[in-house]
Colleague: 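Take a look at this one; I'll ask things after.
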Amino acid sequence: MNGKARRLAGLAVALAVTAAACGGDDDNGAEAGDEAGTPDAPEGDGGDGGGATLTAAVAEGWTATALGDGIKPALALDGAGAPAAVWLSEEVEGGFVDFASSTDGWAVEQVAEGYFYGPIDIAFDDQDRPNVVWHDHEDVAFDQEKGNLAYGLRDGDAWAIEPAEDDGHDGWDSTLVVGEDGTVLAAGVDPAQFGRSDGVEFYERAADGTWTVTPVGSGPIDYEFNVALATSPGGNPALSWFDTEEADLTYAERIDGEWQQETVATEGDVGRYSSLAFDSQGRPHLSFFEASDTDPAGGRVLHAVRADGQWTIEEVGTLDDFEPGMSGARRNSAIAIGPGDQVQVAFTDKAALQLATRGDSGWATGEVLAAGDRPLGQQVSFELGDDGTPHLATYEVTGAASGGLTGVIAYLTLS
C-alpha cells in the first residue's frame, strides 16, 4: 500500500485535540522550513501546550490526548496499570523535562530545566514512584568532557535529581529499568563522535545511592543510535544496540557478572533503533529497523526471537517515509509482550504510526495514527496493560528551534 493510501485507510476524521494540561518552560515560536510544508510551531510557554493541537488523524476505535509541547516521549504503567509519560525539550536555553500521569488528569509538572537531550525513559518502582533518566549536557556551552546521565525520582510531591557521574559525555539515548529490589538499572551511549572507543555503558544505582558505570564492550557507537534495556524473568539485565562499524544488531546479557554478546542480524544495514522484551519463558524478543539499500526513505521493521539458542527473524512491516539523522528517527519501533505471550510491535515513520500483532498465521497490522499537516516524530513508546490494552506515546513535529525540533506529545489508547 502506498503512503497516500495508508494515510487514508481506516481513519476517522482528523483530530484537533487541545493539549490537556500545564507545566514546563519552553518557547516554541520558531518556524519550520517551508519546503516541508510544516506550519509555524504553536506559540506559548513550555509544556502548557500553548493551545497546541494535533493535526494527525486517528484510526477508528482509538483515542488520542495531546499532553503538551515537547518531543521524544516515553511511557510507563504504574502498579495499578495507569499510564504516565515523560518528555522533554532540547532547546539550548529553556529546555525542560516534563511528566504527566493519567491519575492526575494528565496535569503536567516540570521535572527539571536545562540543556538536555533525548530520548528519555521512565519506569515505576515497587513503591509506585516514577523514575526518569535523560542526557544532561550540564552546560549551555557544549563541552565533550561534560555531560552525564541524569536521574530523577519523584518521592511524594517533589523531584530529586542527581547525575550518574562518569568520565566523558555519556548517557545519550538513555533507557531505564527498576529492579524488584529497588536497584535502578540504566543504559546509555558515550558517543564515538567524541572519541569514545566503547560506546554502550551500563549504569547501576545501589540502594545507598551509589552509581556504578561499566562499559559493556560494544566498541564505538554513534549518538544517532540507541541502546535498548530489559531484564529477564531471572533478573539478568540485557541490552541490544546497533553496531555502527559493522551495521549489525548486537544482543548482550549479563550472566554471573559477565556481559556475553552475540550478533542477532548481519545482512544489510540492520539493527537500528532496537527495542527489547522478554516473554514468560525467558526468551528475548527484539524489534528493529533495517534500512533499504535502494530507497533512502524506506526500510523494514523486523522481529527477532531467540529459542533453543537460535535467532529467528521475520518481517513485521515496512516504512516508506523514514528520515535518519541526529534530528531524525529515534526508537521508531517498540515491542511489548502481553497476556499469553502475545507479541506486539508499534512502529512509525513521518507518515504513520502502526501496531502489529503476531498471530498463528503471521503479523496483522493496523494503522493507529496518520500524519496530517505535520510529520510525525518517528519515535514511539509502547506498553501493554495486564488486560492486553495497548498504551502508546509519540509526538507530532510542529517546528524547529535552537535545540532542534519542537512538537506536540500524544498519548493513544483504544477507545
Side-chain angles (χ1 to χ4, degrees), residues 72-76 86 117-123 131-135 149 170-179 184-191 199-204 214-219 221-233 235-244 247-254 259-265 270-279 282-290 301-306 311 313 316 329-337 343-348 378-384 392-394:
K72 299 180 179 177
L75 177 143
V86 290
Y117 188 80
I120 191 169
D121 205 5
I122 179 173
N131 296 244
V132 183
V133 291
W134 65 92
H135 172 70
L149 179 134
D170 49 4
W172 289 65
D173 291 271
S174 51
T175 183
L176 172 70
V177 170
V178 181
V184 175
L185 308 177
V189 175
D190 197 351
V200 174
E201 295 181 327
F202 181 70
Y203 300 77
E204 284 184 279
T214 307
V216 302
S218 68
I221 303 293
D222 292 349
Y223 55 51
E224 292 94 337
F225 307 109
N226 75 306
V227 55
L229 167 66
T231 52
S232 71
N236 290 336
L239 305 169
S240 62
W241 65 84
F242 178 62
D243 182 334
T244 55
D248 295 339
L249 177 62
T250 301
Y251 171 83
E253 186 172 345
R254 193 176 68 179
W259 287 99
Q260 300 182 14
Q261 294 187 31
E262 56 189 290
T263 302
V264 178
V270 64
R272 303 186 195 188
Y273 323 120
S274 61
S275 178
L276 172 63
F278 285 87
D279 63 25
R283 296 175 298 195
H285 294 253
L286 292 155
S287 66
F288 52 98
F289 183 69
E290 178 190 54
V301 175
L302 303 177
H303 166 257
V305 57
R306 189 184 66 187
W311 289 96
I313 299 174
V316 177
R330 283 291 192 278
R331 300 181 186 173
N332 68 347
S333 75
I335 193 166
I337 300 177
V343 182
Q344 297 189 41
V345 175
F347 57 101
T348 181
Q378 303 185 93
Q379 178 174 318
V380 61
S381 182
F382 174 37
E383 296 285 344
L384 283 169
L392 298 139
T394 189

Colleague: Is a side-chain N or O of E383 found less than 3.5 angstrom from the main chain of A336, in a donor-acceptor match?
Modeller: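 Not at all, since once roles are kept as given, no pair shorter than 3.5 Å links the two residues.
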Colleague: Can you find a heavy atom in the side chain of L392 that is under 4.5 Å from one in the side chain of L75?
Modeller: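 A side-chain contact under 4.5 Å is absent here.
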Colleague: Q261 side chain to V216 main-chain N or O, any donor-acceptor pair under 3.5 Å?
Modeller: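 At least one qualifying donor-acceptor pair exists.
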Colleague: Treating T348 as the side-chain partner and Q378 as the backbone partner, does any N or O pair qualify as donor plus acceptor under 3.5 Å?
Modeller: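 Such a contact is absent between T348 side chain and Q378 backbone.
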Colleague: Return the OG1 to OH distance between T244 and Y223, rounded to the nearest 0.5 Å.
Modeller: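 Between atom OG1 of T244 and atom OH of Y223 there are 12.5 Å.
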Colleague: Is P215 close to W259 at the side-chain level, that is, under 4.5 Å between some pair of heavy atoms?
Modeller: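 Counting from C-beta outward, W259 and P215 never come under 4.5 Å.
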Colleague: Kindly give the heavy-atom pair with the smallest separation between V264 and A304, and that separation in Å.
Modeller: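 That closest heavy-atom pairing would be CG1-CB, 3.8 Å.
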Colleague: State which residue, out of L286, I313, T263, L302, fulfils the side-chain contact (heavy atoms from CB on, under 4.5 Å) condition with L249.
Modeller: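 Single side-chain contact (heavy atoms from CB on, under 4.5 Å) partner of L249 among L286, I313, T263, L302: L286.
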Colleague: Taking all atoms of both residues into account, what is the closest heavy-atom pair of A228 and S274, and its distance?
Modeller: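 Closest approach of A228 to S274: CB-O, 3.4 Å.
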Colleague: Taking salt bridge (Lys or Arg N to Asp or Glu O under 4.0 Å) as the definition, give me every residue that meets it alongside R272, ordered by chain and number, with sequence neighbours left out.
Modeller: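 Partners of R272 under the salt bridge (Lys or Arg N to Asp or Glu O under 4.0 Å) test: D269.
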Colleague: Would you call V133 and Y203 a side-chain contact if the rule is heavy atoms closer than 4.5 Å?
Modeller: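 A side-chain contact is absent here, since even the closest heavy-atom pair is not under 4.5 Å.
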Colleague: Which heavy atom in F202 sits nearest to a heavy atom in A186, and how many Å separate them?
Modeller: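 Here F202 and A186 meet closest at CD1-O, 3.4 Å.
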Colleague: Working to the nearest 0.5 angstrom, can you tell me the gap between H303 NE2 and S275 OG?
Modeller: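 So the gap between those two atoms works out to 10.5 Å.
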Colleague: For the CD atom of E253 and the CD atom of Q260, what is their distance to the nearest 0.5 Å?
Modeller: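 Reported value, rounded in 0.5 Å steps: 7.5 Å.
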Colleague: Would you confirm whether S218, through its side chain, and G199, through its main-chain N or O, come within 3.5 Å as a donor-acceptor pair?
Modeller: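 The answer is yes, because a donor-acceptor pair under 3.5 Å joins these two groups.
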Colleague: Run the numbers on F242 and D222 for side-chain contact (heavy atoms from CB on, under 4.5 Å), then give the verdict.
Modeller: CA-CA 9 Å; F242 178 62; D222 292 349; over 6 Å; no
Colleague: Looking only at heavy atoms, what is the nearest atom pair of G171 and H135, with distance?
Modeller: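 Looks like O-CB, 3.4 Å.
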Colleague: Using 30° and 60° as the class limits, which term best fits the ring planes of W311 and Y251: parallel, tilted or perpendicular?
Modeller: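 Rings of W311 and Y251: perpendicular, over 60°.
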Colleague: Where do D170 and L149 land on the side-chain contact (heavy atoms from CB on, under 4.5 Å) test, with the steps shown first?
Modeller: CA-CA 6 Å; D170 49 4; L149 179 134; 5.8 Å; no
Colleague: Are N226 and T175 packed together at the side-chain level, in the sense that at least one heavy-atom pair is separated by less than 4.5 angstrom?
Modeller: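 N226 does not reach T175 side chain to side chain.
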Colleague: Determine whether W134 and V86 make a side-chain contact, defined as any pair of heavy atoms from C-beta on separated by less than 4.5 Å.
Modeller: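 No, side chains not in contact.
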Colleague: Output, in order, the C-alpha distance, side-chain angles, deciding distance and verdict of side chain to side chain donor-acceptor pair (under 3.5 Å) for D121 and S174.
Modeller: CA-CA 7 Å; D121 205 5; S174 51; over 6 Å; no
Colleague: Give the minimum heavy-atom separation between V345 and S287, together with the two atoms involved.
Modeller: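 Of all heavy-atom pairs spanning V345 and S287, the closest is CG1-CB, 3.8 Å.
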Colleague: Say you draw a straight line from CZ of R330 to CD of Q379; how long is it, rounded to the nearest 0.5 Å?
Modeller: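 Taking CZ in R330 and CD in Q379, the distance rounds to 8.5 Å.
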Colleague: How about N236 and R254: do any of their side-chain heavy atoms sit closer than 4.5 Å?
Modeller: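 Side-chain contact under 4.5 Å: no.
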Colleague: State, with a plain yes or no, whether a side-chain heavy atom of L239 is found less than 4.5 Å away from one of L276.
Modeller: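 When only atoms from C-beta onward are counted, L276 and L239 do not touch, as no gap falls below 4.5 Å.
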Colleague: Is the ring pair F289/Y273 parallel, tilted or perpendicular, if the boundaries are 30 and 60 degrees?
Modeller: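 F289 vs Y273 ring planes: tilted.
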Colleague: What are the two closest heavy atoms between A187 and L229, and how far apart are they?
Modeller: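 Of all heavy-atom pairs spanning A187 and L229, the closest is N-CD2, 4.1 Å.
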Colleague: For F382, enumerate each residue passing the ring pair (Phe, Tyr, Trp, His ring centres under 6.0 Å) test, keeping only those at least two apart in sequence or located in another chain.
Modeller: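 Listed in chain order: nothing, the list is empty.
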Colleague: To the nearest 0.5 Å, what is the distance between CG on D279 and CD1 on I337?
Modeller: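 Answer for the CG-CD1 pair, D279 versus I337, is 5.0 Å.
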Colleague: With side chains defined as the heavy atoms from C-beta onward, is the minimum distance between F225 and D173 less than 4.5 Å?
Modeller: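 Sidechains of D173 and F225: no contact.
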Colleague: Between W172 and I221, is a side-chain contact (heavy atoms from CB on, under 4.5 Å) present by the stated rule, with each step listed?
Modeller: CA-CA 11 Å; W172 289 65; I221 303 293; over 6 Å; no
